[in-house]
Amino acid sequence: MSVTRDEVIAALDQVLDPELHRSIVALGMVGSVDVDGTRVAISIRLTVAGCPLKAEIQRRVSEAVAALPGVEGVQVRLDTMTDAERAGVRESIIGGPRRDSPFAAGSRTTVILVASGKGGVGKSSITCNLAVALAARGHSVGLLDADVYGYSIPRMMGASQQPVMLDDLIIPVESHGVRLMSIGFMTADDDPVIWRGPMLHKALTSFVTEVFWDEPDVLLVDLPPGTGDVSLSLAQLLPAATVLVVTTPQLTAQRVARRAAAMATRVNLPVVGVVENMSWFVAPDTGERYEVFSGGGGAALAADIGVPLLGQVPLESDVARAGDEGLPVVAARPDSPAAIALAGIATAVAEAAGIPKPAAIPLQAR
Ligand SMILES: Nc1ncnc2c1ncn2[C@@H]1O[C@H](COP(=O)(O)OP(=O)(O)O)[C@@H](O)[C@H]1O
Ligand SMILES: [Mg+2]
């Protein structure tokens with residue numbers, strides 16, 4: 001019994017491009033398929049020559065075809081699309097001219113802006129962990145790093161490669177199952193970003209409109225601390241967003257966070273809830289619990305603005321270490337108290353913001 005060319009193509013149709021999440025057949029990436037008895041030779045046309053995921057594509061193709069009865073050998077050759085073919089791919093995934101904002105009212109995506117009054121309260125750490133926790137549950141998740149001057153998402157998510165361009169579309173970088181975009185992918189290491197308001201607005205606009213977010217279930221946006229230009233630009237670009245406020249228990253932090261909530265009100269965005277970070281520290285040797293930043297700031301802030309306190313995250317060295325290593329703690333140490341708290345917050349945020357339950361649980365999360 002030998003395999004037919006149609007059976008090979010049907011198997012290839014099940015193979016998804018790891019970045020575009022579409023069938024490689026539908027994307028026009030299958031060049032030729034030659035069947036010679038039990039041996040199959042396939043050429044795959046990559047969208048870009050230096051495609052960072054070409055080994056992954058090659059592996060997926062080989063595995064899918066090798067699993068067919070009657071196949072004993074698979075040869076996969078990689079080459080690159082022409083500009084015209086690439087434009088065709090772009091056309092097939094977006095279809096027509098770009099929209100103003102893919103997240104305007106009526107979009108299926110729940111957009112959550114994560115805000116804080118001041119820096120250093122753990123806003124980015126919480127954003128990354130919520131993103132990874134939601135992705136592990138089967139949600140499609142985008143994470144936009146809008147902290148243009150103080151970006152930290154690439155390091156915390158362990159991603160540093162430049163995004164692939166598909167014609168005029170920027171394909172987000174994927175890490176831990178989350179689609180990412182950050183100015184940090186475009187700048188050389190540690191180069192400061194020194195942009196004024198109009199440049200900033202332009203960059204944020206491209207991050208919203210020129211990135212192939214592909215209508216994820218949820219888009220988390222790591223705002224810069226405070227209430228400046230960026231927040232205003234994003235409120236315009238993401239008019240259906242809700243705001244999640246992060247604070248520490250400290251009274252001063254809570255007061256400053258109050259301003260972030262007031263900013264949301266001013267631009268007509270609802271606040272979905274408050275997360276308190278660095279709530280306490282449990283000494284690993286004695287098990288004694290210390291309220292390092294005493295104050296109950298999270299609960300006070302939540303009561304003050306009339307929204308729920310969605311959770312409290314303890315101060316734990318694992319959180320900081322995992323962030324430095326590029327693997328958020330919910331993935332690195334899922335049984336640590338901070339990770340358990342963060343997973344609970346992901347559930348609470350999903351419920352409070354009305355993120356629909358995922359259709360199916362992805363294989364790697366089972
Ligand atoms: N719960 C926590 N326990 C321990 N360290 C934390 C915790 N949350 C954040 N950190 C650390 O605190 C620092 C500031 O956090 P970060 O997420 O960058 O804050 P922000 O984005 O608000 O400026 C980082 O070094 C981070 O690793
Ligand atoms: Mg930050």
Side-chain angles (χ1 to χ4, degrees), residues 112-133 143-159 178 180-185 190 192-193 204 220-228 230-231 234 243-250 252-261 263 274-284 289-295 297-298 301 309-346:
I112 302 173
L113 309 182
V114 186
S116 70
K118 63 189 194 93
V121 300
K123 182 170 45 59
S124 302
S125 306
I126 300 240
T127 309
C128 290
N129 278 288
L130 293 183
V132 172
L143 200 177
L144 167 57
D145 186 355
D147 191 351
V148 180
Y149 299 120
Y151 62 86
S152 58
I153 297 298
R155 174 177 53 82
M156 287 184 178
M157 293 294 284
V178 179
L180 309 169
M181 189 46 56
S182 170
I183 195 68
F185 296 142
D190 294 328
V193 176
L204 290 168
L220 293 166
V221 183
D222 188 21
L223 291 185
T227 52
V230 169
S231 310
L234 282 167
V243 177
L244 178 69
V245 181
V246 178
T247 189
T248 63
Q250 243 180 325
T252 48
Q254 174 222 326
R255 283 209 198 100
V256 189
R258 181 77 186 76
R259 284 182 220 146
M263 178 274 299
V274 171
V275 172
E276 186 185 86
N277 188 27
M278 312 188 180
S279 298
W280 56 78
F281 173 75
V282 175
R289 177 167 148 156
Y290 297 89
E291 314 275 331
V292 182
F293 303 107
S294 57
L301 178 66
L309 175 64
L310 296 173
Q312 294 174 291
V313 184
L315 190 69
E316 224 169 78
S317 55
D318 281 340
V319 177
R321 191 177 318 119
D324 288 337
E325 286 168 1
L327 182 62
V329 74
V330 290
R333 291 282 314 275
D335 48 5
S336 67
I340 292 168
L342 286 158
I345 292 166

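All of these numbers come straight from a predicted model, not from anything done at the bench. Numbering of ligands and ligand atoms starts at 1, following listing order.
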Heavy atoms only: give me the nearest Ala146-Val221 pair and the separation to one decimal.
CB-CG1, 3.7 Å
At a 4.0 Å cut-off, with the gap strictly under it, does some heavy atom of Arg321 reach an atom of ligand 1?
no
Ligand 1 versus Ser116, non-hydrogen atoms closer than 4.0 Å: side chain, backbone, both, neither?
neither
Which residue and atom name correspond to the protein heavy atom nearest atom 27 (O) of ligand 1, and how close is it?
Ala320 CA, 3.3 Å
Could you tell me the residue and atom name of the protein heavy atom closest to atom 7 (C) of ligand 1, and the distance to it rounded to 0.1 Å?
Val319 CG1, 3.5 Å
Is the shortest N/O to N/O distance between Lys118 and ligand 1 below 3.5 Å?
no
Decide, yes or no, whether a salt bridge links Asp324 with Arg321 under the criterion of side-chain N to carboxylate O below 4.0 Å.
no
Which residue holds the protein heavy atom closest to atom 15 (O) of ligand 1, what is that atom called, and what is the gap in Å?
Gly122 CA, 3.5 Å
Asp222 versus Ser124, side-chain donor and acceptor atoms under 3.5 Å
yes
Met157 side chain near Val178 side chain, heavy-atom distance below 4.5 Å:
yes
Tell me, which protein residue and heavy-atom name are nearest atom 22 (O) of ligand 1, and how many Å apart are they?
Lys123 N, 2.8 Å
Please list, in number order, the atoms of ligand 1 under 4.0 Å from a heavy atom of Met156.
16 (P), 17 (O), 18 (O)
Indicate the atoms forming the closest heavy-atom contact of Gln312 with Ala341, along with that distance.
O-CB, 3.4 Å
Taking N or O atoms only and a 3.5 Å limit, does Ser152 qualify as a polar contact for ligand 1?
no
Return the closest protein heavy atom for atom 24 (C) of ligand 1 as residue, atom name and distance.
Ser125 OG, 4.7 Å
Pro314 heavy atoms, cut-off 4.0 Å: which ligand 1 atoms fall inside?
1 (N), 2 (C), 3 (N)
Val282/Trp280 under side-chain contact (heavy atoms from CB on, under 4.5 Å): CA gap, chis, key distance, verdict
CA-CA 7 Å; Val282 175; Trp280 56 78; 3.9 Å; yes
At a threshold of 2.8 Å, where the distance has to be below it, does the Mg ion (ligand 2) have an N, O or S atom of Ser124 nearby?
yes
Please classify the Asp324 to ligand 1 contact at 4.0 Å (heavy-atom distances, strictly less than): side chain, backbone, both or neither.
neither
So is there a nitrogen or oxygen of Val121 less than 3.5 Å from a nitrogen or oxygen in ligand 1?
yes
Nearest-neighbour protein heavy atom for atom 3 (N) of ligand 1, which is reported as residue plus atom name and distance
Glu316 N, 2.9 Å
Right, does atom 9 (C) of ligand 1 have protein non-hydrogen atoms nearer than 4.0 Å?
yes
Answer whether the closest heavy-atom distance between the side chains of Asn277 and Thr247 falls below 4.5 Å.
no
Do Ser336 and Glu316 touch side chain to side chain, with heavy atoms closer than 4.5 Å?
yes
Let's go through Leu244 and Leu113 carefully: what are the C-alpha distance in whole Å and the side-chain angles of both, what is the deciding distance for side-chain contact (heavy atoms from CB on, under 4.5 Å) to 0.1 Å, and is it a yes or a no?
CA-CA 6 Å; Leu244 178 69; Leu113 309 182; over 6 Å; no
Using distance alone, decide if ligand 1 has a nitrogen or oxygen within less than 3.5 Å of any nitrogen or oxygen in Met278.
no
Would you call Gly120 a ligand 1 contact, heavy-atom distance under 4.0 Å?
yes
Take every heavy atom of Gly119, measure it against each atom of ligand 1, and state whether any distance is under 4.0 Å.
yes
Minimum side-chain heavy-atom gap Pro314-Ser279 below 4.5 Å:
no
Near Ser124 (heavy-atom distance under 4.0 Å), the atoms of ligand 1 are 17 (O), 20 (P), 21 (O)
Min side-chain heavy-atom separation Leu180-Phe185 under 4.5 Å:
yes
Would you name the heavy atoms of Leu130 and Leu342 that are closest together and state the gap between them?
CD2-O, 3.8 Å
